[in-house]
Amino acid sequence: MSWWQSLSIEQKQSVPINRNKVDLHSLFSSGHYYIRQVLKDEIRDIETELKTLGVLYNDDVDVISELMRDFISMCESTPDLLWGIKLSAVRGKKFNSENEKDEYLEQVGFASTTYLANKLSCQSQMLQKTELLGLRKKLNQLLVKHEVSLPYSKIKDSSHSVGSDLELRRIFLNWKRSLVEQDKLNLPIFGASLDKKAFAHVISPERSQSLLPLTSMEYRHFSREIIKFKGVVYKTVKERENERIEAALDRDEPDRSVFLKLRDKKLTTIEDFGSDINNYLHVQHAFAATALNATSKSGILNYLHSYKHYIDFLVNKGVSSTSSIEACFDLWSLREFKEYLGNKVGDTDLSTSTANTLLSALRMTLEKLNTIRGIDFNYYPADGFEIVRESKAYKPYSPHERKQIHEMLEKELACVRRKLEPYQKLDRENANLDDPKVQARIIFEDDCDCIPTYSGDWAAKERNAEQNKLVAFTGKRYLSLHSLIDEWGVLTRRVTDSDVAVYVLKMAQVLGMNLNPILDLEFDDYQEHHPLTNKPCLTYWKERSTGEKMIHLDLFHADLQWLTTSQNNFVANVFSEVTKLTAEARKYTDSELSQRLFITFEKKTKALNEYHMSKYYAMLVDKYNLKDDDGEQLVLTTTRFRPTLVSELIDKGVSIREIQYLLGHSSLYTTMKYLDQLDFDRVIRDKARKAIENIYNNAAQPHTGNHQAHRKYDEVQVIMKTPLGGCKNIFDPPDFIKKSSLYVKGKPCSQYNKCLGCENVMLTERHLPDLFAMQRDYLASIERTEVINTPYYVVVLENLSLLDDILNPETSEFDEEILKQAKEDSLFIETNILDSWGN
């Protein structure tokens with residue numbers, strides 16, 4: 001015993017143990033049985049002391065009962081101790097009926113057996129002894145009395161996991177009890193509730209995202225308490241909106257009176273506008289008459305505000321207040337007004353939601369003009385603005401911001417891709433076998449054959465005995481089985497929002513596509529070899545804003561996004577990886593979602609949507625602490641990836657023509673308008689404008705005297721004739737031709753079929769009939785499908801787009817009369833450029 005007494009507490013606690021006794025085999029090389037007999041009393045004293053130190057389990061019911069009584073007495077005298085008792089669902093006990101279970105839980109409650117066993121230094125099964133059950137009932141009564149727990153009869157039907165809910169409630173209330181008055185004043189408020197970030201250190205954001213009923217009730221009660229304590233007068237969004245509308249109505253009362261009078265004045269023919277067109281009165285009449293569709297004050301006010309912004313737009317455009325109705329509303333009105341509003345959004349003068357409202361009011365007004373007799377009117381449609389958290393819809397990310405986003409996405413993708421790799425078994429030689437997580441993994445490998453399972457009650461019927469063993473083991477140790485399986489890199493049918501949302505963000509970054517078309521992608525939308533062109537492409541759908549949303553469901557309205565080689569490889573990998581990631585989940589998917597690419601599965605299959613993406617943005621910004629150049633929290637949204645891609649392309653000197661096709665624009669004019677509205681810095685904007693202007697820099701201007709076309713080149717130069725115009729230097733094409741794999745240095749340019757997009761092209765008035773004839777024959781060849789199956793099909797599409805920009809009176813540099821005459825002259829021209837294409 002002198003040896004034992006000489007040991008420190010730490011040394012005593014490290015004495016080897018075997019089967020809840022001192023391991024004499026490790027202490028003595030031989031004579032273990034004899035030593036135990038001779039030193040029986042001494043060893044018993046040592047083991048008694050080790051039990052008090054928590055090294056050995058207490059196996060005497062009387063001792064355990066005494067310890068339990070002492071603990072209950074301490075809780076009675078110091079009720080604060082009750083808040084440290086963990087609560088949990090009942091595990092490992094079998095009941096013969098629901099009534100037996102209800103009776104047991106009503107009396108014994110949810111005090112964690114694992115917590116009590118550690119507290120009393122005994123094994124969990126000892127707590128089922130009759131003597132201990134009586135004491136556990138007394139402890140539960142104390143827990144209920146002080147509202148640490150709740151009577152089972154009142155809460156048993158509150159959720160599928162009452163024990164887990166009670167434990168989370170205990171944690172929340174224990175945190176709440178720790179707050180002093182100043183702490184409460186400093187708590188953040190979000191909307192009408194306490195910001196959940198305030199208690200993220202005790203309840204993780206993942207768990208607090210969807211609180212169970214009991215915890216949720218306490219959270220709501222405390223939120224109201226804090227709002228009242230801080231003196232915050234909270235008003236709902238609807239209340240604030242009503243106040244804003246009333247204030248705006250009061251402010252706009254004089255203008256509103258005139259507007260309402262015009263609203264009651266009929267407008268069915270052009271004569272109804274009257275002769276008085278001073279001060280844009282006819283424009284106001286158009287908006288007011290359309291406002292008849294609005295039944296609320298706020299609806300009418302939207303048309304009035306849209307009218308005011310539209311007048312400002314006309315003034316900036318140079319349209320006088322006495323201009324005709326045709327001058328005030330034309331084919332491009334909606335698109336140009338959207339550009340005007342876009343600049344307001346970019347300058348943070350308008351929110352995107354307000355801009356959408358104003359744009360919608362104009363759209364409806366233009367629809368009204370379509371119905372007025374005596375006006376031959378139409379207009380080009382325009383999409384609305386995508387709503388973002390801040391008014392930065394057209395602002396590209398800076399290089400510093402792009403670097404953060406790129407690194408963040410790569411880390412997120414690496415985490416997801418681990419699941420796609422074959423499962424790597426545990427290296428047991430170098431593992432800490434005392435770690436409960438390692439022990440759980442051994443059970444997973446040895447007993448469950450590496451087949452994943454789920455801990456929820458909904459999956460209980462699917463589990464076998466070995467899987468139940470794993471669930472019970474992790475449950476008793478408060479380990480999250482979901483988190484463990486993710487940590488081990490196991491692919492399961494469980495697919496979270498984060499698993500697939502990272503691919504959505506990456507596609508937006510690489511392709512410059514908007515969010516909704518990506519979310520709507522289906523398996524057959526990616527084609528490595530398009531049947532018409534043999535090129536890789538994505539087919540996706542756009543929602544067109546024409547008063548109400550409509551998704552076009554026929555191929556004629558589909559948008560084709562042609563892919564570069566690197567983009568193609570990336571998209572092919574995305575489709576392959578997401579397909580593999582969601583393979584198991586798709587076995588539980590109904591027919592409606594079976595073809596959707598981006599789906600998730602936890603308890604049921606869902607398609608990823610904008611709401612899920614919005615939560616994912618917020619999570620990433622918090623997780624990676626993403627900051628903008630001003631040190632503020634970064635606005636992360638797919639909306640900004642499209643202008644960012646364009647900004648990068650322009651920085652790298654990519655031609656305007658290539659940008660057009662990478663963005664999926666059918667017309668170069670659309671790309672020009674898009675570039676013009678982007679919130680680039682001045683250098684990039686000037687660079688974009690220069691690229692756009694180069695298309696027409698070499699166009700010949702008509703001479704007013706003799707109608708002879710002037711050429712922008714030296715007459716002594718040798719001009720090489722091509723089928724589409726004249727080239728001023730066929731041996732020195734521009735850089736984008738030189739970078740082509742088809743270009744051979746030292747030889748003349750062989751890509752004459754791209755001449756319209758070349759900055760060397762020389763177009764004069766006399767070329768126009770040939771161009772009209774070429775346009776006509778291109779269209780005819782496509783209709784007859786002569787060229788569809790040839791490599792030249794894409795060239796035809798490119799040149800048709802260019803021809804439309806050059807020959808369309810709305811976008812051409814040539815006068816409308818000249819274009820009209822050239823089109824008539826083209827009727828007598830036959831082209832032969834396509835004759836050999838089918839060979």
Side-chain angles (χ1 to χ4, degrees), residues 9 12-13 15 17 19-22 43-96 100-156 162-171 173-174 177 436 472-473 475-478:
I9 296 296
K12 290 179 179 179
Q13 288 176 325
V15 167
I17 302 301
R19 295 184 179 181
N20 205 39
K21 292 182 179 295
V22 172
I43 292 174
R44 184 176 63 247
D45 292 341
I46 290 173
E47 291 178 345
T48 300
E49 185 177 349
L50 288 176
K51 288 175 181 178
T52 63
L53 293 175
V55 177
L56 295 180
Y57 291 127
N58 283 313
D59 49 11
D60 187 324
V61 175
D62 293 335
V63 172
I64 299 171
S65 298
E66 187 61 32
L67 290 172
M68 184 71 163
R69 278 190 286 272
D70 290 344
F71 178 60
I72 292 173
S73 296
M74 290 172 63
C75 290
E76 286 175 329
S77 60
T78 313
D80 283 352
L81 294 175
L82 293 167
W83 291 97
I85 299 175
K86 294 181 179 179
L87 308 177
S88 71
V90 176
R91 303 180 188 277
K93 182 167 180 62
K94 296 182 179 180
F95 301 98
N96 297 322
E100 182 182 338
K101 177 181 178 182
D102 290 354
E103 184 179 352
Y104 176 87
L105 291 174
E106 184 67 32
Q107 295 184 48
V108 176
F110 290 89
S112 167
T113 54
T114 303
Y115 171 84
L116 291 176
N118 289 333
K119 189 76 178 175
L120 304 172
S121 297
C122 68
Q123 292 182 310
S124 297
Q125 57 263 34
M126 294 295 292
L127 296 172
Q128 299 301 330
K129 300 288 186 181
T130 305
E131 298 89 329
L132 269 300
L133 282 176
L135 292 170
R136 287 175 63 190
K137 292 174 187 177
K138 188 173 181 180
L139 179 63
N140 184 54
Q141 289 170 358
L142 274 178
L143 290 168
V144 172
K145 175 183 176 181
H146 292 277
E147 297 185 346
V148 178
S149 186
L150 296 170
Y152 180 66
S153 58
K154 295 182 178 180
I155 61 173
K156 68 175 184 177
V162 176
S164 298
D165 195 4
L166 278 174
E167 170 61 6
L168 215 57
R169 173 184 175 275
R170 178 193 69 83
I171 294 172
L173 291 178
N174 198 28
R177 293 173 64 255
F473 181 87
K476 287 179 180 179
R477 287 154 183 80
Y478 298 98

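The side chain to side chain donor-acceptor pair (under 3.5 Å) test applied to Lys138 returns no partner, not counting sequence neighbours. Contacts of Glu100 classified as side-chain contact (heavy atoms from CB on, under 4.5 Å), with partners at least two apart in sequence or in another chain: Phe95, Asn96, Ser97. By the side-chain contact (heavy atoms from CB on, under 4.5 Å) test, Lys145 pairs with no residue at all, sequence neighbours left out. Applying the salt bridge (Lys or Arg N to Asp or Glu O under 4.0 Å) rule to Lys156 yields the partners Asp102; only residues at least two apart in sequence or on another chain are considered. The salt bridge (Lys or Arg N to Asp or Glu O under 4.0 Å) check on Asp80 picks up Arg177, with sequence neighbours excluded. Applying the side chain to side chain donor-acceptor pair (under 3.5 Å) rule to Lys137 yields the partners Gln107; only residues at least two apart in sequence or on another chain are considered.
Between the CG atom of Leu67 and the CG atom of Asp62 there is a distance of 11.0 Å, given to the nearest 0.5 Å. Note: Asn118 CG to Thr113 OG1 = 9.5 Å, rounded to the nearest 0.5 Å. Separating the CZ atom in Phe71 from the CG atom in Leu120 is a distance of 8.0 Å, to the nearest 0.5 Å. Of the inter-residue distances, the one linking Leu82 atom CG with Arg170 atom CZ reads 11.0 Å to the nearest 0.5 angstrom.
Listed by first and then second residue, the salt bridge (charged side-chain N to carboxylate O under 4.0 Å, His left out) pairs that reach into residues 103-121 come to none, sequence neighbours excluded. Each ring pair (Phe, Tyr, Trp, His ring centres under 6.0 Å) pair with one or both residues in residues 107-148, not counting sequence neighbours, appears once here: Phe110-Tyr152. Pairs passing the side-chain hydrogen bond (donor to acceptor under 3.5 Å, both in side chains) check and including a residue from residues 63-78, sequence neighbours excluded, read Glu66-Arg69.
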One pair to check against side-chain contact (heavy atoms from CB on, under 4.5 Å): Leu132 and Met68. What are the steps and the verdict? CA-CA 8 Å; Leu132 269 300; Met68 184 71 163; 4.2 Å; yes

Determine, step by step, whether Ile155 and Leu166 satisfy the side-chain contact (heavy atoms from CB on, under 4.5 Å) criterion, reporting the C-alpha distance in whole Å, the side-chain angles of both residues, the deciding distance to 0.1 Å, and the verdict. CA-CA 10 Å; Ile155 61 173; Leu166 278 174; 3.7 Å; yes

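More than 12 heavy atoms of other residues, nucleotides or ligands lie within 6.0 Å of CD in Gln128, so this atom counts as buried by the packing criterion.
The closest side-chain heavy-atom distance from Arg169 to Leu87 is not below 4.5 Å.
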